[in-house]
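Notes for the one structure printed next.
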Amino acid sequence: MSKELSKTYDPSGIEDRIYAKWLEKKYFHAEVDERKKPFTIVIPPPNITGQLHMGHALDNTMQDILIRYKRMQGYNALWQPGTDHASIATEVKIIEKLKEQGIDKHDLGREKFLERAWEWKKEYGGRIVSQLKKLGSSCDWDRERFTMDEGCNKAVTKVFCKMHEKGWIYKGSRIINWCPVCNTSISDAEVVYEEQSGHLWYINYPLVEADGTPSKTEFLTFATTRPETMLGDTAVAVNPDDERYTYLHGRSVWLPIVNKAIPVVEDNYVDVEFGTGVVKITPGHDPNDFEVGKRHNLPIINIMNDDATINENGGEYAGLDRYEARKRIVEKLKDLGLLVKIEDYSHNVGTHDRCHATIEPLVKEQWFVKMDELIKPAVKAVQDGDIKLVPERMNKTYFNWTDNIRDWCISRQLWWGHRIPAYYCDKCGHMVVADHAVDTCPECGGHMTQDPDTLDTWFSSALWPFSTLGWPEKTKELEYFYPTDVLVTGYDIIFFWVIRMIFSGFEQMGEKPFHTVLFHGLVRDDKGRKMSKSLGNGIDPLEVIAKYGADALRLTLITGNAPGNDMRFYYERVENSRNFANKVWNASRFIMMNMEGKEIHEPKSLEPADQWILSSLNNLVKDVTENLDRYELGIAVQKVYDFIWEQFCDWYIEMVKPRLYNTDDAESQNAALWTLKTVLIDALKLLHPYMPFVTEEIFCSIQDEEESIMISKWPEYREDRNFPKQERDIEIIKSAVRGIRNVRSEMNVAPSKKAEVYVVSDKVEIRRTFEEGKLFFASLAYASEVNIQADKTGIADDAVSVVIADATLYIPFAELVDIAQEIERLTKEAERLTGELNRSRGMLSNERFISKAPEQKVAEEKAKLEKYEQMMAKVQERLTQLKG
RNA sequence: GGGGUCAUAGCUCAGCCGGGAUGAGCGUUCGCCUCACACGCGAAAGGUCAGGAGUUCGAUCCUCCUUGGCCCCACCA
């Protein structure tokens, strides 16, 4: 049955072999089965450009834990996998690659470019998937999807058409964020603000005289960080309540360089406190100015080309880069004597989250999703707890966004992505939005051309929970698995993705996409810095797997961290996880070695130690299950870890060794072996979601009945394995042993010396249990035998005499340290009990409590009070005894 | 400007929404290669739970204030 196992656990080789077996047996595959309850998770689709990083590793480990746990609990567990086309990220990559070959995207043309993109997808798109497999992810790979596969495309087009019909998708000319490097518009969420040091230029505009010419004496001073935008100025604004400038009302100022008059407008947007209290208004290139312009009907002048060079509206500056134009305009203003001063100024500048180029606000015609109505059910669902965010504090972040929501700019000037299903007539300009290609204009019969733009990559991700299950077709999968259960993701994409999935789910399916969102934090480096390519501080999960095994990596990512918090990753922690895998391995190896050649049967009677460990395991099962149900993955596994290492390995296995080695008592030996095996198997099951490989490997070696731990049954709490008395007894024995070890260590007793311990105690249970018994702790130090014998000598009650190296020590039984410490402890205990007694008495003398609280509560309180009083009496008695 | 979050052992962090700081890993000190495991075993040292005030019989946990980090959102020209 069992075979020779190596001394240390070596995950390499084992993991791939086991994963291949799981795949072959189709354990990951879920079919619709009305007899079973579904449990569904959709994967946050990794980008096809992606390489597995620590964030993925964490995210997918969490999902795998939940899905394996539920699968073992008997749910029909589906982990729906897939990848994301990642419109802009991929396009950028392909452009880069083309550049290496000296090819420009536009020279290649759209069609050829897309061919390259698909080739690229074919070549690299599967890379991340194979990396996820290395991690042990139990995704149903037969159902793998892609955001640009046929079904998803259908879903996207359908949603676009539906929402357009409803008026919730519209085309409009608005100020948008323009990335001059990527040459596309981007949504607000994609803008990241970076602190940049720049300058504040104070500039004078001359007032306009009554005859329409610029004044030579009267000037208006204002400050700007972007002087070049003056080419597009169409007004100057002051606050209507600013008394300094009331004289300006109704007047105009002269726009130098451009040489024309522009009006002074009054608007509350202007902050009286800042700068000079005067703002130049450039509606074409500033979101706030755009709003001001709308309020005052100001013309919009676009002065910039898509590549952020100045266009023909910039006169002599046309063709210059924005920064070059800035330089020259400042020089010119200086020459004109209109430059007042330059201050150093540090301010936030919007940049593109992909390429970090400074974004340029531009007025362009783009497609938008109207958010005000769409967002309502999404807000309500979280408010009502219909969708739970874990940890709960994420609600605030969520509402912070929904309360300030703006329309979503969904069109991108990119080629790789879902092309907008809008068609325009070349002749009359008529537009048709349709879910099929439209060639001829229904109005004039002219030729129609499709909108060149594609959709924001998050548009398709928003539909992911139902598009992957077959929507818009009415599939049995959709019926059965939707709504899904838990979504696991990082808090950093709550706006990009989570909210958009929620409102899309309600809008398209009429139902939430999932009932729980489990957020995790960022994985940082050992110094707490974000892992990034530019810093070069990223740790490759695949390297960690290669060196320590996937189990060790998984355990490291899950422990020592509360939900939603960022975590630091460092190798010492991985080593600890690896050590734990090894510990489990060796404990199992020990048990298997002792099982060798023996027929183990369920014992007729168990010894207290066996009952103790079974009972502890029983509690553990309950604890772990409860914590998993609360998504406390870290706490749950910590408990398994402690149980296996401390209770099971350090105590139980050591306690049981004499029985294993004693061939005279076959019954006792069998009971010990049966218990070892039983406890180990259940503990392995509890550990399996976290460390799937090592647990599977051991499980398959130690028993023949079942072929895989991953489809075995999750342990359940059993009343018949609840032995509270034995738990207490063994705890006392443990504290006795600890006390003895303590004394040994402090007295520096040579390992070869034998320690004899005589217990004289009124603890009847102990006496009965270990009467003339022998506890052998090989690990105590060499040959330390602890004889616990009753009534050996007549020492005081509750004390132990330890004979070590010919000296006899007396140790108080309760603590087995010394009397002073016990007195201290008891004094504290008395203090605590005083508090408890006061509270309890207070409550019971409170009429309102007596009259209003449920009877059961009052009874409980009374019982408590009685208990406290008894405890207090005991403590007091013992204290006087000790002091006396 | 708005919001969140953190401050617990030398380091990194847990601590179950008021009741003995039970802590964990790493590190440190001491003793051990004991026939599962030195990726191990045993023992120990180390914390006025940031500071202050309040509520309470009782606060690391609740309220307020102060200080110092981190993050998100908005963005003032």
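Every chain is numbered from 1, with letters handed out A, B, ... down the list of sequences.
- Side-chain nitrogen and oxygen atoms of K583(A) include at least one within less than 4.0 Å of the OP1 or OP2 phosphate oxygen of C41(B).
- Note on N576(A): a side-chain N or O is less than 4.0 Å away from OP1 or OP2 of C26(B).
- Nearest to the side chain of R589(A), among A74(B), A77(B), C37(B), sits C37(B).
- Nearest nucleotide to the W401(A) side chain, out of C76(B), A74(B), C26(B): A74(B).
- Residue N579(A) places at least one side-chain N or O under 4.0 Å from the OP1 or OP2 atom of G40(B).
- Residue contacts shown for N594(A) are absent, as no nucleic acid heavy atom lies under 4.0 Å away.
- Taking the side chain as every heavy atom from C-beta outward, F569(A) and L557(A) approach each other to under 4.5 Å.
- Taking side-chain N and O atoms only, N400(A) has no distance below 4.0 Å to OP1 or OP2 of G2(B).
- At least one side-chain nitrogen or oxygen of R406(A) sits closer than 4.0 Å to the OP1 or OP2 atom of C75(B).
- Per the geometry, CG belonging to D403(A) stands 15 Å off C1' belonging to C72(B), to the nearest Å.
- Spacing between U60(B) and G20(B) at atom C1', rounded to whole Å, works out to 13 Å.
- Of all nucleotides present, only G4(B) satisfies the Watson-Crick or G-U wobble test against C70(B), with each distance under 3.5 Å.
- For R568(A), a side-chain nitrogen or oxygen approaches OP1 or OP2 of C13(B) to under 4.0 Å.
- Results of the side chain to side chain donor-acceptor pair (under 3.5 Å) test with T282(A) over D233(A), N288(A), T234(A) single out D233(A) as the only residue that passes.
- Using a 4.0 Å heavy-atom cutoff across all strands shown, T225(A) reaches sugar-phosphate atoms only and no base atom.
- For Y345(A), a side-chain nitrogen or oxygen approaches OP1 or OP2 of A77(B) to under 4.0 Å.
- Among all heavy-atom pairs drawn from P283(A) and G232(A), the shortest one is CD-O, 4.1 Å.
- Classified by interplanar angle (parallel below 30°, tilted 30° to 60°, perpendicular above 60°), the ring pair W645(A)/Y641(A) is tilted.
- Nucleotides A36(B) and G23(B) are separated by 28 Å at their C1' atoms, to the nearest Å.
- For A38(B), neither phosphate oxygen OP1 nor OP2 lies less than 4.0 angstrom from any side-chain nitrogen or oxygen of N582(A).
- Set against C16(B), C26(B), C39(B), the side chain of R630(A) has C16(B) as its closest nucleotide.
- Applying the 4.0 Å criterion to OP1 and OP2 of A77(B), one finds that K280(A) has every side-chain N and O outside that range.
- Of the side-chain N and O atoms in W645(A), one or more sit less than 4.0 angstrom from OP1 or OP2 of C41(B).
- The partner of G40(B) is C32(B), judged by Watson-Crick or G-U wobble contacts that both fall below 3.5 Å.
- Ring-plane geometry between F495(A) and W401(A) is classed as parallel, the angle between the planes falling under 30 degrees on a 0 to 90 degree scale with a further cut at 60.
- Of the candidate nucleotides C73(B), U5(B), A36(B), U5(B) has the atom nearest to the side chain of R393(A).
- Looking at heavy-atom distances under 4.0 Å, D286(A) makes contact with sugar-phosphate atoms alone, never a base.
- For T397(A), the listed nucleotide lying nearest its side chain is C72(B); candidates were A74(B), A77(B), C72(B).
- One finds no side-chain N or O of Y571(A) lying less than 4.0 angstrom from the OP1 or OP2 phosphate oxygen of G25(B).
- The side chain of K396(A) lies closest to G4(B), out of C71(B), C39(B), G4(B).
- Between the base of C75(B) and the side chain of N348(A) there is a donor-acceptor pair shorter than 3.5 Å.
- Within the structure, every side-chain polar atom (N or O) of H347(A) is placed at least 4.0 Å from both OP1 and OP2 of C76(B).
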